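Quantities reported herein were computed from a predicted structural model and do not represent experimental measurements.
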Amino acid sequence: MEKGLNQFFTDYVKKESLFASKKALQSNYIPDMLEHRDEEINQIAQVLAPVLRGDRPSNLFIYGKTGTGKTVSIKHVTQNLVQVAKNQEVALNVCYVNCKLKKITDTEYRLIAHLSRELGKEIPATGLPTDEVYKIFLAALEEAKTNMILVLDEIDHLVQKAGDELLYNLVRHNAELENSQIAVVGISNDLVFTDHIDPRVKSSLSEEELLFAPYNALQIQDILRKRTSQGFGKGKIEPGVVEKCAAFAAREHGDARRAIDLLRVAGELAERNNEPKVCVSHLDVAEAKIEKDRVVESVTKQPKQVQAVLHSIFHTADSERKIIFTGEVYSEYSELCAKIGLRPLTQRRVSDVIGELDMLGIINARVISKGRYGRTREITIPLAEQMVEHLTGLLKDALFFS
DNA sequence: CGAGATTCATGTGAAGTATACCTTTAGGCTTAA
DNA sequence: AAGCCTAAAGGTATACTTCACATGAATCTCGTA
């Protein structure tokens, strides 16, 4: 056994990797050159440039679907900006926040607390008045005498949870600063997001706007070629793989990030199977694996109550039936709670939990009216049967044995 | 037969509650003069 | 008397509950053709 393991590791090191630089294929990688986004990058740069002269840049609002390069573009620009600012000795602080991260930046308090921590202040997770946290934050900023560019990614999530007052406060407090200024860059996947917010907030937040259109198949192909030439070793990819991947991505969603993920995972799979090249068949397997990993991860990370609700949903939908309703889920859930000794949540809360699960994409829940028979959510499970079984197993472990 | 009223099951908003945590403050104890 | 520590008081954010009202199409009702 020992020897076998030893052999494995030795072989592993000796073996030539398919990857030249895996970094270039990871989703947080920011390339030096972005394909097909020159125009957008230019515009962002123009809006933000005044900060180098010590002026406050206009607030900027960026729309576009996922995987259209919004995040990479802004990061690309701000990285450069920070670099130049450093050389020119201009005080500049760029703060990138992904508002989607639960428990970290999904309320006003947590956002401001997070920003304060970025500036080196200790803020407790709870207990302080939000006003107080604002004061600490603004004081820290004032003290630093720096201009801040605040990038709020997935801002639609934040506003949905915390309300648009938050943005208003941010802009309002900005006016009280003497030595520092904040410019807000909002990024949203939701194209109609600004229709739902207070017009005052809207006008001040989107002094400048920018729309990212989805990439088409050819553009995705270019991007993938660029990345693969960096990320993979030469000749490690069968001809046609990149094309297929691009075509697939363009047809399905126009999401470049997912296309890159797909290639990376395909490469990992090929490598694990000791195959010399990445070929088309790996793409399908990779697609399935990515989806599986995504779902498994988000399910296992959920709190117990949410898992219990999900388990109830799976259990209810078990027998042939595809469509189920809130009431059924709730009674199943109540039983489950009794069985495992969990204090049951109210139906009100479970209703919200079902909504959250829908947001995560683990289930589809649509509010429908059944006429005389009331109104409810119609829940369907978009996952493969195998997947559901796998998850049910995981949930059982999590719920019954702990 | 069809327009309008009724109905059901639960969606949904607002307000209230429990919990966990924070700062402030008052009291008690120790220490040094 | 001054200094320091502790515990209670008073306050907040968050997750959840309670209360009460909103929803919207299938079904029922009843007037009319």
Return the 5'-most residue of the pair A:Arg110, A:Gly127 with respect to DNA chain C, ranking by each residue's nearest nucleotide.
-> A:Gly127
Between C1' of B:dA20 and CD1 of A:Ile123, the distance in whole Å | 18 Å
Among C:dA13, C:dC16, B:dC22, the one nearest A:Thr126 by side-chain distance = C:dA13
Side-chain N or O of A:Tyr109 closer than 4.0 Å to phosphate OP1/OP2 of C:dT12 = no
Picking from C:dA13, B:dG11, C:dT27, which would you name as closest to the side chain of A:Thr130?
-> C:dA13
To the nearest Å, how far apart are A:Ile368 CD1 and C:dT23 C1'?
-> 13 Å
Should A:Asp293 and A:Lys289 count as an ion pair when the cut-off is N to O under 4.0 Å?
-> yes
For A:Glu132 and B:dT23, what is the distance between atoms CD and P respectively, to the nearest whole Å?
-> 9 Å
Hey, what's the ring geometry for A:His311 with A:His315, parallel, tilted or perpendicular (30° and 60° as the breaks)?
-> parallel
Over how many whole Å does the gap from A:Leu128 atom CG to C:dT14 atom P extend?
-> 11 Å
Among B:dT12, C:dG24, C:dT27, the one nearest A:Val367 by side-chain distance | B:dT12
Salt bridge flag under 4.0 Å for residues A:Asp284 and A:Lys244 | yes
With sugar-phosphate meaning primed atoms plus P, OP1 and OP2, does A:Pro303 contact a base, only sugar-phosphate, or nothing at under 4.0 Å between heavy atoms?
-> nothing
A:Arg348 has its side chain closest, among C:dT17, B:dG11, B:dG13, to B:dG13
Could you state the atom-to-atom distance from CD1 of A:Ile112 to P of B:dC22 in whole Å?
-> 19 Å
Give A:Thr326 one of three labels, base, sugar-phosphate or nothing, depending on what nucleic acid heavy atoms sit under 4.0 Å from its own.
-> sugar-phosphate
Rounded to whole Å, the CZ-P distance (A:Arg349 to B:dG11) equals 14 Å
Record whether the side chain of A:Arg375 comes under 3.5 Å of the base of C:dT23 through a donor-acceptor pair of N or O atoms.
-> yes
Would one find a side-chain N or O of A:Thr107 under 4.0 angstrom from OP1 or OP2 of C:dT14?
-> yes
Whole Å only: how far is the CG atom of A:Leu345 from the P atom of C:dT18?
-> 11 Å
Nearest-angstrom distance from the residue atom NZ of A:Lys370 to P of B:dG11 | 11 Å
Carboxylate-amine/guanidinium proximity below 4.0 Å for A:Lys339 and A:Glu335 = no
Considering only heavy side-chain atoms of A:Thr376, the closest of B:dG13, B:dT10, B:dT23 is B:dT10
Contacts under 3.5 angstrom, residues 52-66 of chain A side chains, donor-acceptor by atom type, not counting sequence neighbours:
residue: A:Arg56; atom: NH1; partner: A:Asn59; partner atom: OD1; Å: 3.1
residue: A:Arg56; atom: NH1; partner: A:Ile182; partner atom: O; Å: 3.4
residue: A:Arg56; atom: NH2; partner: A:Glu207; partner atom: OE1; Å: 3.4
residue: A:Arg56; atom: NH2; partner: A:Glu207; partner atom: OE2; Å: 3.3
residue: A:Asn59; atom: OD1; partner: A:Val184; partner atom: N; Å: 2.8
residue: A:Asn59; atom: ND2; partner: A:Ser204; partner atom: O; Å: 2.9
residue: A:Tyr63; atom: OH; partner: A:Thr194; partner atom: OG1; Å: 3.0
residue: A:Tyr63; atom: OH; partner: A:Glu209; partner atom: OE1; Å: 3.2

Under 3.5 Å, is there an N or O donor on one side and an acceptor on the other linking the side chain of A:Arg372 and the base of C:dG24?
-> no
